[in-house]
J.: 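Provided herewith is a single structure, encoded as structure tokens, for subsequent inquiry.
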Number of protein chains: 2
Amino acid sequence: MLRAMTASDSTSTTIRLRLLLGQDGTKLGPGKADLLQGIGELGSISAAGRRMGMSYRRAWALVEEMNAGFAAPLVASSRGGAAGGGARLTPEGAAVLARYRALEAEVANAGAEHIAAIAAMLRS
Amino acid sequence: MLRAMTASDSTSTTIRLRLLLGQDGTKLGPGKADLLQGIGELGSISAAGRRMGMSYRRAWALVEEMNAGFAAPLVASSRGGAAGGGARLTPEGAAVLARYRALEAEVANAGAEHIAAIAAMLRS
DNA sequence: AAGCGATATGTTCGAGCAGACATATCGCGC
DNA sequence: GCGCGATATGTCTGCTCGAACATATCGCTT
């Protein structure tokens, strides 16, 4: 997948969460979460994609997928204008991102013991 | 992937865990965990693979990957003999599986609130 | 010694996916 | 109105992964 390493990779063992939501099968994992965060910070789908080393094509497809899966769109976009356009998180998008981050933190905390036990059995 | 549904799919929203272990990048997710469990229950790589709708080729490759990633092999196999051969979990394999299942349970419990909050925002 | 069933492993073929390339369109500023 | 920069979307192609097929080998049992 060629994901850029983030500065938060302090421990060598990481846990990744992927949610399979509803019976329609919309997925929410680290990629979409990072993308949401990037859009929130940069105000642009293309800028967020660039920062992750992802093509605009793919970033846009992920946004489309998220907007289709939830009752309200998570990202609102506009074309044209001074900056050419832009995108920002809707309140629902910000809420989903916050919940996902909180979930990550809670999970890392609750599972730390088991994770450490498994990591201790690794090859040298 | 064509995964068989398990009877434990009571809620429509499920969470999947994938561990990225060490800097060598050995992965441990639901597929390998289910395979370990199948081998433990059925005493055979091929039988475990069959039950999951997975080719023996692939099941064997996953076992190989796990055995290579951990300090001690998780699965011990034998060729020939009365039943043609077989495989069983080593104590380390059983320990890793138990830890992973415990991690799943703990995570599902700890994250239930955030997961429910996200699921509540889904389309219809 | 012959057969059985499972492990072990090479090879080949197809589908699906990700990336690259190409446009169309929009709305503000100059 | 012309250009800019970003959204929006179609198309194509290469690559990777998995499925399928094919064998070899092993050790007990009959």
Side-chain angles (χ1 to χ4, degrees), chain A residues 1-4 16 18 20 25-32 34-69 73-90 93, chain B residues 1-4 16 18 20 25-32 34-69 73-90 93:
Chain A
M1 166 94 60
L2 202 145
R3 168 185 313 285
R16 293 177 57 170
R18 170 161 276 103
L20 303 185
T26 42
K27 290 169 282 190
L28 181 60
K32 296 229 187 85
D34 288 350
L35 184 61
L36 278 183
Q37 184 166 342
I39 291 172
E41 291 176 13
L42 303 173
S44 157
I45 296 177
S46 70
R50 260 196 310 274
R51 191 170 72 172
M52 299 175 62
M54 177 189 300
S55 71
Y56 171 80
R57 190 75 170 78
R58 172 153 180 72
W60 175 83
L62 294 179
V63 168
E64 190 74 355
E65 201 177 322
M66 286 188 282
N67 283 349
L74 304 189
V75 173
S77 59
S78 62
R79 295 204 290 191
R88 44 179 229 287
L89 297 187
T90 62
Chain B
M1 165 95 63
L2 200 144
R3 168 186 313 285
R16 293 177 56 169
R18 168 161 278 104
L20 302 185
T26 43
K27 289 168 282 189
L28 181 61
K32 296 229 186 82
D34 288 350
L35 184 60
L36 279 183
Q37 185 166 342
I39 291 171
E41 292 176 11
L42 302 173
S44 158
I45 297 176
S46 69
R50 259 196 310 275
R51 191 170 73 171
M52 299 174 62
M54 177 188 300
S55 70
Y56 171 79
R57 191 76 171 76
R58 173 153 178 73
W60 175 84
L62 293 180
V63 168
E64 190 75 355
E65 201 178 322
M66 286 188 281
N67 282 350
L74 305 189
V75 173
S77 59
S78 62
R79 295 205 291 190
R88 42 178 231 288
L89 297 188
T90 62

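We name chains A, B, ... by the order of the sequence lines, and we start the count at 1 in each one. Atom set for the values below is all heavy atoms of this structure, side chains included, hydrogens, waters and symmetry mates excluded.
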J.: Under 4.0 Å between any heavy atoms, over every strand shown, what does S44(B) touch: base, sugar-phosphate, or nothing? Just pick one.
T.: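 Since only primed, P, OP1 and OP2 atoms lie under 4.0 Å of S44(B), the category is sugar-phosphate.
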
J.: Which residues within residues 76-88 of chain B lie with some heavy atom under 4.0 Å of an atom in DNA chain D?
T.: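 Those residues whose heavy atoms fall under 4.0 Å from DNA chain D, taken from residues 76-88 of chain B in numerical order, are R79(B), G80(B), G81(B), A82(B).
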
J.: What is the distance, rounded to the nearest whole Å, between atom CD1 of I39(B) and atom P of dT7(C)?
T.: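 That distance rounds to 8 Å.
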
J.: So which one's nearest nucleotide on DNA chain D is more toward 5', I45(A) or R57(A)?
T.: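 Mapping each residue to its closest nucleotide by heavy atoms, the 5'-most match is I45(A).
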
J.: Does dA8(D) have OP1 or OP2 sitting under 4.0 Å from an N or O in the side chain of W60(A)?
T.: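 Checking dA8(D) against W60(A), a side-chain N or O does come within under 4.0 Å of OP1 or OP2.
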
J.: Using whole Å, what does the distance between atom P of nucleotide dG10(D) and atom CZ of R58(A) come to?
T.: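 My rounded result for the distance is 17 Å.
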
J.: Taking the side chain from D34(A) and the backbone from M52(A), do they hold a donor-acceptor pair closer than 3.5 Å?
T.: no

J.: For a quick test of reading the model, state the closest non-hydrogen atom pair linking I45(B) to W60(B) and the distance between them.
T.: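 Minimum heavy-atom contact is CG2-N, 4.0 Å.
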
J.: Check whether any side-chain N or O of T90(A) sits under 3.5 Å from a backbone N or O of P73(A) as a donor-acceptor pair, and report yes or no.
T.: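 Yes.
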
J.: Could you give the OH-to-C1' distance, from Y56(A) to dT23(C), as a whole number of Å?
T.: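 Rounded to whole Å, this separation is 13 Å.
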
J.: Could you give the CZ-to-C1' distance, from R50(B) to dG5(C), as a whole number of Å?
T.: 10 Å

J.: Looking at K32(A) and E65(A), is there a salt bridge between them, counting it only when a charged N and a carboxylate O are closer than 4.0 Å?
T.: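 Salt bridge present between E65(A) and K32(A).
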
J.: In this structure, how many angstroms lie between the P atom of dG5(D) and the CG atom of L42(A), rounded?
T.: 17 Å

J.: With a 4.5 Å cut-off on side-chain heavy atoms, are R16(B) and R16(A) touching?
T.: no

J.: Report the distance from atom CG of L62(A) to atom P of dA8(D), rounded to the nearest whole Å.
T.: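 So the two atoms are 14 Å apart, to the nearest Å.
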
J.: Under the rule for side chain to side chain contact (heavy atoms under 4.5 Å, CB included), what residues qualify as partners of R79(A), not counting sequence neighbours?
T.: none

J.: Would you mind reading off the distance between M54(A) atom CE and dA20(C) atom P, rounded to a whole angstrom?
T.: 12 Å

J.: Looking at every heavy atom in both L35(A) and A48(A), which two are closest together, and how far apart are they?
T.: CD1-CB, 4.0 Å

J.: Rounded to the nearest Å, what distance is computed from the CD atom of residue E65(A) to the C1' atom of nucleotide dA8(D)?
T.: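 Answer to the nearest Å: 17 Å.
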
